[in-house]
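Residue numbers run from 1 in the order of the sequence given.
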Amino acid sequence: MRTATVLVGLSLFAATGAFAQSSNKSDPLSSLPPPDSVKLSQVIAKAEVRPGFFAIKTVSFSAGEYEVVYFMDDGAEVRINFDAKTGEARPPKTGGLFGN
(Lines give C-alpha, C1' and ligand atoms only; values in the text may rest on other atoms or scores of the structure.)
Protein backbone atom coordinates (compact mmCIF):
# COMPACT_ATOMS: atom_id res chain seq x y z
CA MET A 1 0.00 0.00 0.00
CA ARG A 2 2.80 2.38 0.88
CA THR A 3 4.55 1.62 -2.43
CA ALA A 4 1.37 2.45 -4.34
CA THR A 5 1.08 5.80 -2.55
CA VAL A 6 4.69 6.65 -3.37
CA LEU A 7 4.18 5.69 -7.04
CA VAL A 8 1.04 7.81 -7.31
CA GLY A 9 2.85 10.74 -5.72
CA LEU A 10 5.80 10.43 -8.11
CA SER A 11 3.44 10.17 -11.09
CA LEU A 12 1.63 13.37 -10.07
CA PHE A 13 4.94 15.16 -9.54
CA ALA A 14 6.20 14.10 -12.99
CA ALA A 15 2.94 15.10 -14.67
CA THR A 16 2.97 18.51 -12.97
CA GLY A 17 6.56 19.10 -14.10
CA ALA A 18 5.73 18.15 -17.68
CA PHE A 19 2.73 20.48 -17.68
CA ALA A 20 4.80 23.35 -16.30
CA GLN A 21 7.44 22.85 -19.00
CA SER A 22 4.92 22.75 -21.83
CA SER A 23 3.17 25.92 -20.67
CA ASN A 24 6.48 27.84 -20.48
CA LYS A 25 7.45 27.20 -24.10
CA SER A 26 7.13 30.10 -26.51
CA ASP A 27 5.03 29.95 -29.64
CA PRO A 28 6.92 27.78 -32.17
CA LEU A 29 5.49 29.80 -35.07
CA SER A 30 7.19 32.97 -33.81
CA SER A 31 10.54 31.76 -35.17
CA LEU A 32 9.17 31.19 -38.68
CA PRO A 33 9.08 33.73 -41.52
CA PRO A 34 5.96 35.92 -41.45
CA PRO A 35 3.12 35.02 -43.85
CA ASP A 36 3.81 38.05 -46.09
CA SER A 37 7.49 37.19 -46.60
CA VAL A 38 9.15 36.13 -49.84
CA LYS A 39 8.81 32.41 -50.52
CA LEU A 40 11.84 30.30 -49.73
CA SER A 41 11.82 28.91 -53.29
CA GLN A 42 12.31 32.47 -54.61
CA VAL A 43 15.25 33.03 -52.28
CA ILE A 44 16.88 29.78 -53.37
CA ALA A 45 16.32 30.68 -57.04
CA LYS A 46 18.10 34.01 -56.47
CA ALA A 47 21.08 32.20 -54.95
CA GLU A 48 21.21 29.64 -57.77
CA VAL A 49 21.57 32.29 -60.50
CA ARG A 50 24.55 33.99 -58.86
CA PRO A 51 27.76 33.70 -60.94
CA GLY A 52 29.81 30.62 -60.06
CA PHE A 53 27.01 28.94 -58.06
CA PHE A 54 27.46 25.18 -57.61
CA ALA A 55 25.31 23.81 -54.75
CA ILE A 56 23.44 24.92 -51.62
CA LYS A 57 24.85 23.75 -48.30
CA THR A 58 22.30 25.17 -45.81
CA VAL A 59 19.36 27.55 -45.57
CA SER A 60 18.15 29.02 -42.27
CA PHE A 61 15.86 31.79 -41.04
CA SER A 62 16.53 34.17 -38.15
CA ALA A 63 15.78 37.78 -37.25
CA GLY A 64 13.87 38.55 -40.45
CA GLU A 65 16.48 37.12 -42.80
CA TYR A 66 17.12 33.93 -44.70
CA GLU A 67 20.76 32.89 -44.55
CA VAL A 68 21.90 30.80 -47.51
CA VAL A 69 25.28 29.08 -47.49
CA TYR A 70 26.38 27.66 -50.82
CA PHE A 71 29.44 26.43 -52.67
CA MET A 72 30.87 27.97 -55.80
CA ASP A 73 32.37 26.11 -58.77
CA ASP A 74 35.87 26.51 -57.33
CA GLY A 75 34.85 25.07 -53.92
CA ALA A 76 34.61 28.42 -52.13
CA GLU A 77 31.87 28.66 -49.49
CA VAL A 78 29.61 31.71 -49.68
CA ARG A 79 27.29 32.95 -46.94
CA ILE A 80 24.66 35.50 -47.96
CA ASN A 81 21.58 36.88 -46.24
CA PHE A 82 18.28 37.69 -47.95
CA ASP A 83 15.71 40.02 -46.42
CA ALA A 84 12.56 37.97 -45.77
CA LYS A 85 10.21 40.81 -46.74
CA THR A 86 11.89 41.98 -49.96
CA GLY A 87 14.08 39.06 -51.00
CA GLU A 88 17.01 41.45 -51.49
CA ALA A 89 20.50 40.07 -50.88
CA ARG A 90 22.80 41.70 -48.36
CA PRO A 91 26.02 40.79 -46.59
CA PRO A 92 25.78 39.00 -43.21
CA LYS A 93 25.34 41.30 -40.21
CA THR A 94 28.18 39.65 -38.28
CA GLY A 95 31.37 37.92 -39.27
CA GLY A 96 32.76 37.59 -42.75
CA LEU A 97 34.37 40.27 -44.86
CA PHE A 98 31.57 42.84 -44.54
CA GLY A 99 30.10 41.93 -41.14
CA ASN A 100 30.76 43.90 -37.97
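Heavy-atom contacts from other residues, nucleotides or ligands closer than 6.0 Å to CZ of Phe53 number more than 12.
Across all their heavy atoms, Val38 and Gly87 have their closest contact at CG2-N, 3.4 Å. Residues Ala89 and Phe82 share a closest heavy-atom pair of CB-CE2, 3.6 Å. Heavy-atom minimum distance, Met72 versus Pro51: CE-O, 3.7 Å.
Residues Val59 and Phe54 do not share a hydrophobic cluster, defined by chaining ILVMFWY side chains whose heavy atoms lie under 4.5 Å apart. Both Val78 and Val68 are assigned to one and the same hydrophobic cluster, defined by single-linkage of ILVMFWY side chains at heavy-atom distances under 4.5 Å.
Residue pairs meeting the side-chain hydrogen bond (donor to acceptor under 3.5 Å, both in side chains) criterion with at least one member in residues 33-49, sequence neighbours excluded, are Asp36-Lys85.
The CZ atom of Phe61 sits 12.0 Å away from atom CD of Glu67, with the distance rounded to the nearest 0.5 Å.
At least one side-chain heavy atom of Ile56 sits less than 4.5 Å from a side-chain heavy atom of Ile44. Two residues are said to be in side-chain contact when any heavy atoms from C-beta on lie closer than 4.5 Å; Glu77 and Phe71 meet this criterion.
Remark: Asp73 pairs with no residue by the salt bridge (Lys or Arg N to Asp or Glu O under 4.0 Å) rule, at least two apart or across chains.
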